[in-house]
Amino acid sequence: MTIHETSAVRGMVDHDHLKSRRLRNRIRHEAIQFGVIAIVVALLGMLAYAVKSGLAEKGIRFSFSFLANTAGFDISEGWTLTSGESFLPDFTLFSPDMTVASAFVTGIFNTAKIAILAIILSTVLGTMLGVGRLSTNWVVRNLCFWIVEFVRNTPLLIQLVFWYFAVVLRFPPMASAAHLYGLIVSQQGVYVPALSWVGGVSILSIALATLILVSAVGAIFDPIKGMRRVCVPAAVICFALLFVRGGVELNFPVANKFKASGGTSISPEMAALLLAIVVNSASFIAETVRGAIDALPKSQWEAAASLGLSRRYTVNDIVLPQVFRVVLPSFGNQYISLTKNTALGIAVGYPDLFNIYGTIANQTGHSLEGIIIVMASYLILSWIISTLVYWANRRLNPTGVPR
Amino acid sequence: MIATSIKWTRHNLFGKPLDVVLSLLVIPGVLWLAYTITDWAFASAKWDIVVQSLRVLMIGVFPADQAWRAWTASAIIGAILGAGLGCVFCFKPHHGLVLLLVPVLLLIVDGGLENALPATGIIASTILGWALTSYVPLTRKVLPAAAFTGFIVIVAVMAPPGVGLWGGLLLSVLLTLVTSVLSLPIGILLAFGRQSRLSSLRIICTWYIEVMRSVPLILVVYWIWILMPVLEPQWGLADVARGMIGFTIFYSAYVAEYVRSGLQAVPRAQTEAARSLGMSEFDINRSIVLPQALRVVVAPLVGNVLDIFNSAPLVFIIGLTDFLRAGQMILANPQYGDRTFEVLSFLLVTYFVIGSMITYAARKLEDHMATGTR
């Protein structure tokens with residue numbers, strides 16, 4: 001509403017006049033709307049045309065058919081999906097005679113693998129660092145502060161290079177590697193004990209495994225709190241039964257001269273990338289946690305103290321539950337940027353999505369098509385994370401509950 | 001004195017059972033770590049490699065006989081940064097003395113004038129710029145114009161030996177400055193676009209921001225790097241310029257989000273008051289909303305500059321020799337193969353010092369902006 005409309009002569013409003021003015025405004029609005037769309041479409045069209053003609057000059061055709069070609073290069077680690085004989089796709093290690101599309105899947109798998117591990121570890125470490133910054137112990141408080149400050153003010157890439165060349169590659173060789181309850185730390189990689197399935201197809205083992213899965217899902221998703229509480233011990237008991245019956249067994253790695261067999265191996269590249277990303281994200285998470293604790297009303301601490309709660313109970317039962325309600329969205333942002341940071345794996349040779357895309361672009365020359373696939377993959381990963389965090393946030397903060 | 005320190009120790013280190021356990025666990029560990037690091041840094045580390053290759057670390061593969069060009073450019077950057085600092089923090093003589101310690105230290109460690117002389121020049125011009133804007137407020141008005149001229153002079157001075165030769169810490173700083181300056185106006189436009197009443201504009205800006213925020217920077221930089229020659233083969237843009245474009249495209253989205261948070265912090269009443277005075281939408285946004293919004297987001301934007309500076313090493317993907325690559329180049333020399341720790345810790349400490357200064361400036365700015373508002 002403009003000045004002219006409000007100051008109509010003696011409060012009388014000329015309705016026809018107003019109507020025509022509104023119509024004119026609406027038409028103008030729509031015209032601008034249309035113009036914006038037209039300009040953007042024209043720009044995109046020009047871009048597409050320029051790219052197409054630019055590629056045509058170099059004799060490259062824009063098409064996605066290269067995805068079905070044989071890859072012809074090897075990837076140091078990672079699983080992929082291939083069309084097996086049965087209806088379900090096979091989940092196998094990547095080999096050079098598979099298709100380019102399988103190579104992309106391997107990249108997504110490797111990126112997701114490191115992202116999931118890093119999200120779990122950095123949340124734990126970050127919360128510990130954040131709480132440590134508020135410790136009553138002077139040394140712990142300052143140690144946490146300086147770790148967080150140092151990590152936040154230096155580039156992740158240099159940290160990664162440092163972890164890889166100055167730490168992981170300086171681990172002792174396999175012959176003199178450190179052994180710690182089945183954990184082997186060596187130059188050739190880190191080996192951890194793994195659970196392996198030895199139950200075959202016996203009905204009891206499968207039934208127990210299914211029960212574990214069902215109760216694990218129930219423990220997270222069941223809307224009734226009592227059921228969730230029951231599901232956790234149920235899963236543990238089923239697992240113990242399965243273990244006792246010999247359905248699964250712990251597979252310890254055994255060090256040979258140059259390699260270790262058995263267990264799960266973490267390659268040096270993955271170990272370095274994981275270390276770098278976990279420490280980096282943990283520092284950012286610690287800062288978020290500390291900020292949220294600081295923002296909590298002081299009366300919460302005072303009320304807990306007046307009830308005679310010790311500091312440990314105050315932090316565990318009063319402060320942290322409230323903090324986690326507030327910080328979840330910022331955690332989500334941190335998880336997304338963590339997932340994006342896995343693309344730095346190319347600097348140490350970890351075969352993540354971006355690294356494999358680089359190899360594919362070199363081998364096939366279809367770099368622009370590849371970019372579209374990689375961008376879409378990262379977008380989807382980000383959306384998955386933000387959806388999960390949104391869902392968890394809804395769960396923690398039911399609508400209508402005051403903060 | 002002793003009584004106080006015992007009291008302090010009991011209070012701060014051995015207050016509760018948990019604290020006692022933590023202290024007994026952590027203090028020996030920290031002491032051992034501190035001893036190891038100090039012992040290594042002063043007894044066994046061979047720092048001569050860093051001093052010898054300081055020029056490569058600072059300006060990359062820029063030819064040695066043309067190094068004066070890079071030093072001149074660094075001095076201009078120093079003056080611009082110093083002048084910017086002077087607008088907020090008043091210059092004090094002890095600041096100058098602390099800064100002058102750098103060339104003196106270099107002179108003592110190196111023993112020659114080769115490194116100390118350029119360092120003195122750069123530090124001197126920084127102090128000059130800082131003092132000028134601190135004591136002569138009139139110069140603050142011409143700072144944007146002067147900085148713009150400075151940039152053109154830098155490019156003109158640095159260009160003759162070849163744009164592809166830019167490198168080292170200088171490249172990281174230049175990249176950071178250019179990206180921060182260019183991404184600000186684009187970010188502001190995107191932020192307004194995201195709040196526009198035109199739904200088409202709003203959707204386009206939102207999509208741009210969301211997509212850029214969910215793909216990795218390294219991907220965007222690489223993508224721009226390969227797309228540019230396909231689009232405009234006749235331009236023949238240098239790698240440096242393509243890297244800067246990629247960084248700007250990526251960080252504009254981040255700046256837009258910061259600015260948008262500032263726009264939302266401006267009370268509605270401000271816009272309504274301006275509208276009731278009969279101002280046009282453009283005037284309202286330009287002279288009422290934007291100044292107040294920018295005031296709120298200055299500190300986060302400085303934090304964003306730190307982000308840009310910290311991601312500058314990513315340009316290794318397009319083959320530029322930045323600070324990290326220069327360090328790795330030195331390590332690639334088999335003669336220096338065992339100096340990984342020395343070079344990498346020098347890189348980390350340098351980045352930490354510069355990063356801490358930016359963080360400190362952001363914190364001070366936040367306080368500075370918080371006083372005297374509303």
Side-chain angles (χ1 to χ4, degrees), chain A residues 1-3 29 32-37 40 47 50-51 54-55 57-58 135-141 143 149-150 152-159 161-162 165-166 169-170 310-312 336-337 339-344 346-347 354 357-358 361 367-368 371 374-375 378-379 381-383 386, chain B residues 8-9 11-13 15-16 18-19 22-23 26-27 30 197-201 204 210-211 213-219 222-223 226-227 229-233 275-276 278 306 309-314 316-317 323-324 327-328 331 340-341 344-345 347-349 351-356 358-359:
Chain A
M1 200 175 265
T2 63
I3 296 271
H29 185 83
I32 296 174
Q33 195 89 287
F34 183 77
V36 170
I37 295 171
V40 170
L47 189 77
V51 167
L55 285 177
E57 264 174 43
K58 294 183 179 173
S135 163
T136 46
N137 191 315
W138 185 84
V139 178
V140 173
R141 197 166 60 221
L143 188 68
E149 279 298 294
F150 187 81
R152 276 166 53 92
N153 285 332
T154 47
L156 175 60
L157 188 59
I158 300 189
Q159 287 168 25
V161 169
F162 185 86
F165 288 102
L169 289 189
R170 301 287 176 100
S310 73
R311 194 173 165 98
R312 187 159 63 106
I336 290 175
S337 82
T339 310
K340 287 166 19 181
N341 284 340
T342 57
L344 293 186
I346 194 170
F354 184 65
Y357 155 72
S367 44
L368 289 173
I371 281 278
V374 176
M375 271 197 168
Y378 276 112
L379 267 179
L381 282 177
S382 300
W383 278 337
S386 58
Chain B
W8 183 89
T9 314
H11 207 79
N12 285 298
L13 296 181
K16 277 174 232 132
L18 182 69
D19 276 353
L22 275 177
S23 294
V26 173
I27 293 176
V30 170
R197 276 188 299 177
L198 295 166
S199 54
S200 54
L201 198 61
I204 289 161
E210 289 305 318
V211 169
R213 278 163 54 88
S214 44
V215 297
L217 169 62
I218 198 167
L219 185 68
Y222 186 71
W223 180 52
I226 54 170
L227 194 65
V230 174
L231 280 183
E232 296 294 340
R275 206 168 284 158
S276 72
L306 177 64
F309 187 57
N310 273 348
S311 19
L314 289 187
F316 84 91
I317 196 73
F323 199 36
L324 173 64
Q328 285 184 319
L331 288 176
T340 322
F341 273 113
L344 285 183
S345 46
L347 297 183
L348 279 174
V349 169
Y351 253 104
F352 178 61
V353 170
I354 300 176
S356 305
I358 300 178
T359 313

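Hydrogens, waters and symmetry mates are skipped; everything else that's a heavy atom, side chains included, is used. Residue numbers begin at 1 in each chain, while the letters A, B, ... track the order of the sequences.
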Please report the shortest heavy-atom distance between A:Leu379 and B:Ser214, naming the atom on each side.
CD2-OG, 2.9 Å
Given the options A:Thr154, A:Leu368, A:Val161, which has more heavy-atom pairs under 4.5 Å with chain B than any of the others?
A:Thr154
Have A:Arg170 and B:Thr340 got a donor and an acceptor in their side chains that come within less than 3.5 Å?
yes
So which part of B:Leu348 gets closer than 4.5 Å to some heavy atom of chain A, the side chain, the backbone, both or neither?
both
For A:Phe165 and B:Gln328, work out which heavy atoms get closest and say how close.
CE1-NE2, 4.1 Å
Compare all side-chain heavy atoms of A:Ile371 with those of B:Leu219 and state whether any distance is below 4.5 angstrom.
yes
Heavy-atom proximity to chain A below 4.5 Å, by part of B:Val215
both
Side chain, backbone, both or neither of A:Tyr357 within contact of chain B (heavy atoms, under 4.5 Å):
side chain
Per-residue contact mode, B:Ser311 against chain A (heavy atom under 4.5 angstrom):
neither
Can you tell me which portion of A:Val139 sits under 4.5 Å from chain B's heavy atoms? Options are side chain, backbone, both or neither.
both
Roughly how far, to the nearest 0.5 Å, is the OG atom of B:Ser200 from the CZ atom of A:Phe34?
11.0 Å
Which heavy atom in B:Leu306 sits nearest to a heavy atom in A:Arg152, and how many Å separate them?
CD2-O, 4.5 Å
Using non-hydrogen atoms and a 4.5 Å limit, figure out which bit of A:Phe150 sits close to chain B: side chain, backbone, both or neither.
both
Does any backbone or side-chain atom of A:Leu381 lie under 4.5 Å from a heavy atom of chain B? Answer side chain, backbone, both or neither.
neither
Pairwise distance CH2(A:Trp138) to CD1(B:Ile27) - rounded to 0.5 angstrom:
9.0 Å
Where does B:Ile317 contact chain A at under 4.5 Å (heavy atoms): side chain, backbone, both or neither?
side chain
With side chains defined as the heavy atoms from C-beta onward, is the minimum distance between A:Leu157 and B:Phe316 less than 4.5 Å?
yes
Report which part of B:Leu201 has an atom under 4.5 Å of a heavy atom belonging to chain A: side chain, backbone, both, or neither.
both
I want to check something: taking the side chain as every heavy atom from C-beta on, are A:Tyr378 and B:Pro216 in contact at a cut-off of under 4.5 Å?
yes
Looking at B:Leu22, B:Ile218, B:Thr9, which one has more heavy-atom pairs under 4.5 Å with chain A than the rest?
B:Ile218
Using modelled atom types only, decide if a donor and an acceptor are shared between the side chain of A:Lys340 and the backbone of B:Arg213 within a distance under 3.5 Å.
yes
So which of B:Ser199, B:Gly327, B:Ala312, B:Pro229 has the largest heavy-atom pair count under 4.5 angstrom toward chain A?
B:Ser199
Heavy-atom pair with the smallest gap, counting every atom of A:His29 and B:Arg197
CE1-O, 3.7 Å
Cut-off 4.5 Å, heavy atoms of chain B, and the answer for A:Arg141 is side chain
Is there a side-chain contact (heavy atoms from CB on, under 4.5 Å) between B:Leu227 and A:Val51? Walk through the geometry before answering.
CA-CA 8 Å; B:Leu227 194 65; A:Val51 167; 3.8 Å; yes
I would like to know whether B:Ile358 and A:Asn153 meet side-chain contact (heavy atoms from CB on, under 4.5 Å); could you show each step before the answer?
CA-CA 9 Å; B:Ile358 300 178; A:Asn153 285 332; over 6 Å; no
Between A:Thr136, A:Val374, A:Ile346, A:Ile336, which has the largest tally of heavy atom pairs under 4.5 Å with chain B?
A:Thr136
